[in-house]
Each structure stands twice: as C-alpha cells, then as structure tokens.
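Just follow the structure's listing: the first ligand is 1, and inside any ligand the first atom is 1.
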Amino acid sequence: MSDTVTRLEAIRASVARAARDFGRKPESVTLVAVSKTKPAEQILETLEAGQRVFGENYVQEAKTKWPALKERFPEAELHMIGPLQSNKAREAVALFDVIQSLDRESLAKELAREIARAGKAPRLFVQVNTGEEPQKGGVLPGDADAFLTRCRAVHGLAIEGLMCIPPAEEPPSPHFGLLAKIAARNGLTGLSMGMSADYEAAIQLGATHVRVGSAIFGERG
Ligand SMILES: *Cc1c(COP(=O)(O)O)cnc(C)c1O
C-alpha cells in the first residue's frame, strides 16, 4: 500500500471511530479528501482505494486534473471549497458537484444564472466567516440568516448546508458550535467543518462533511 493510501485508511477509520464515540452513525459523516496542489497520480491512488469525495480550491487547477479523473471514475464527487470569483461561476457549475464557498449576493446571482443556463445545479453550501476575519471569505454570522433567505427567495437557490474555516489561532469548537446553531435555526442539515487538525471536534459538534487534506495527501509545499 502507498503512504497516501495508508494515511487515507487511517483517517477513514478515525472518522468512523469519532462518529461512534459521539453517538453518531459513521455514514452520517462524509470524508472530503482535499487534493489541492496534489498531482493527479496521487489522487488516482485514493480513487483506486475507493475514495469518492474530493475537495479542490482553485477552478483552474481542478480543470487541469479532474476531467480525466472523472472519465475513469464517473461517480467521483468534486467539491469546490476555495474562494470563487463570480466570473468563474460558469466553469464552476460545469466542473463541480458541490460548491461550498457561496458567500455573497453577486455570486448567488451568477450561480443562479449559470444553473439555469446549464440545466444542472451543483449542491450548495454557504460559507460563514465565524471568526469575522477580514481576509477570509464567508458571510458574517449576523448576516447569515438574511443571506440564506435571499438565496432562496430572490435567486431560487436550494442551499444544503453551511461551511466554515475557523481562525487558525483559536480553539475551533466555539466556531463549530456557532455554525451548527445558524444551520439549525435555518433548517439546514449540511455542516461542512473540521480539517486535518480538528475533524474529531467537528464530528462531535455535528459535522456532516469533514475536509481533510494534509493528513491524507501529506503537507503542501
Ligand atoms: C486546504 C483546505 C482544507 C484542508 O486542510 P488540511 O489542514 O490540509 O486538512 C480544508 N478546507 C479548506 C477550505 C481548505 O482550503
């Protein structure tokens, strides 16, 4: 077994164990393997080992790697988890099965337009900037309810859940708790939270999707 597959199997087992430890069904947590900056050959090893859900951060990079991988593994599911420019909405709708970084009105409008045009809708998560960090994407927690309402009522978008990236230097659990609370009061079932360093805490607080990169594919250069 390659090092990558060995790490993948360990993370899978650990995700399932965390789910059970916190009284949840292992299948209620989806492992999103974050393959940004990693070569197609390394991703292929994990596809061959049965991994099916992946996250990428850049439209351009995903375009160079994923069409060929999807041809071999049509059931692979690709999530956009990085900041998305509105002028990339068309390519994103064509390429991704899930977009987790919807975080502003202009992007909602472009996505709605491109979904209508393509006749194909990626599943959508709204990103919330729980730490209110100026450099980070996401709607502010105080704006989330109104934004979700407008996504649905004005743009006709179906929203599956919420995503957050807590500040690196803070304990993540309060951020996971806040995201879960905003989701619950808006009737949303999807919670994308938790990365290599903190996915267990996220599972404890209800994560339905954990996004794990370096713990599977190794440190990024
Ligand atoms: C890179 C990235 C991840 C994966 O981070 P790791 O710490 O390598 O697990 C998860 N979510 C987002 C939004 C990312 O950009």
**Student:** Show the atoms of ligand 1 that are less than 4.0 angstrom away from any heavy atom in Arg211.
**Tutor:**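 The list of qualifying atoms is 4 (C), 9 (O), 10 (C), 11 (N), 12 (C), 13 (C).
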**Student:** As an exercise, identify every atom of ligand 1 less than 4.0 angstrom from a heavy atom of Ile165.
**Tutor:**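 So the atoms of ligand 1 that pass are 13 (C).
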**Student:** Using modelled atom types and a 3.5 Å cut-off, is there a donor and acceptor pairing between side-chain atoms of Lys65 and backbone atoms of Ser35?
**Tutor:**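 Flag set: sc Lys65 to bb Ser35 pair under 3.5 Å.
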**Student:** Looking only at protein heavy atoms, which one is nearest to atom 10 (C) of ligand 1, and what is the separation?
**Tutor:**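 For this ligand atom, the closest protein heavy atom is Met195 SD, 3.2 Å.
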**Student:** Kindly identify the option in Ile81, Ile216, Asn57 whose heavy atom sits closest to atom 15 (O) of ligand 1.
**Tutor:**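 Considering heavy atoms of Ile81, Ile216, Asn57, the nearest to atom 15 (O) of ligand 1 sits in Asn57.
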**Student:** Relative to the heavy atoms of Val212, which atoms of ligand 1 are at a distance of less than 4.0 Å?
**Tutor:**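 It comes down to these atoms of ligand 1: 9 (O).
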**Student:** For Glu160 and Thr189, test the side chains for any donor-to-acceptor distance below 3.5 angstrom and give the result as yes or no.
**Tutor:**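 Note: Glu160 and Thr189 side chains miss the donor-acceptor criterion.
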**Student:** Please say whether more than 12 non-hydrogen atoms of neighbouring residues, nucleotides or ligands are located less than 6.0 Å from NZ in Lys120.
**Tutor:**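 It does: Lys120 NZ has more than 12 such atoms within range.
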**Student:** With salt bridge (charged side-chain N to carboxylate O under 4.0 Å, His left out) as the test, would you mind laying out the steps for Lys36 and Glu61 before giving the verdict?
**Tutor:** CA-CA 8 Å; Lys36 63 170 174 237; Glu61 183 189 344; over 6 Å; no
**Student:** For atom 2 (C) of ligand 1, which candidate among Lys36, His209, His79, Arg220 provides the closest heavy atom?
**Tutor:**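 Minimum heavy-atom distance to atom 2 (C) of ligand 1 goes to Lys36.
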**Student:** Please walk me through it: do Glu114 and Arg90 pass salt bridge (charged side-chain N to carboxylate O under 4.0 Å, His left out)?
**Tutor:** CA-CA 6 Å; Glu114 294 305 331; Arg90 181 170 301 184; 3.0 Å; yes
**Student:** Any atom of ligand 1 sitting under 4.0 Å from a heavy atom of Gln100?
**Tutor:**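 Judged by the 4.0 Å heavy-atom criterion, Gln100 does not count as contacting ligand 1.
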**Student:** In this structure, which one of Lys109, Glu110, Arg104 forms a side chain to side chain donor-acceptor pair (under 3.5 Å) with Ser86?
**Tutor:**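 Exactly one candidate clears the test, Arg104.
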**Student:** If I apply the N/O under 3.5 Å rule, does Gly213 come out as touching ligand 1?
**Tutor:**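 There is such a contact, yes.
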**Student:** Angle between ring planes, Phe125 versus His209, binned at 30° and 60°: parallel, tilted or perpendicular?
**Tutor:**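 Perpendicular.
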**Student:** Return the residue, atom name and 0.1 Å-rounded distance of the protein heavy atom closest to atom 9 (O) of ligand 1.
**Tutor:**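 Of every protein heavy atom, Ser196 OG, 2.5 Å lies nearest to atom 9 (O) of ligand 1.
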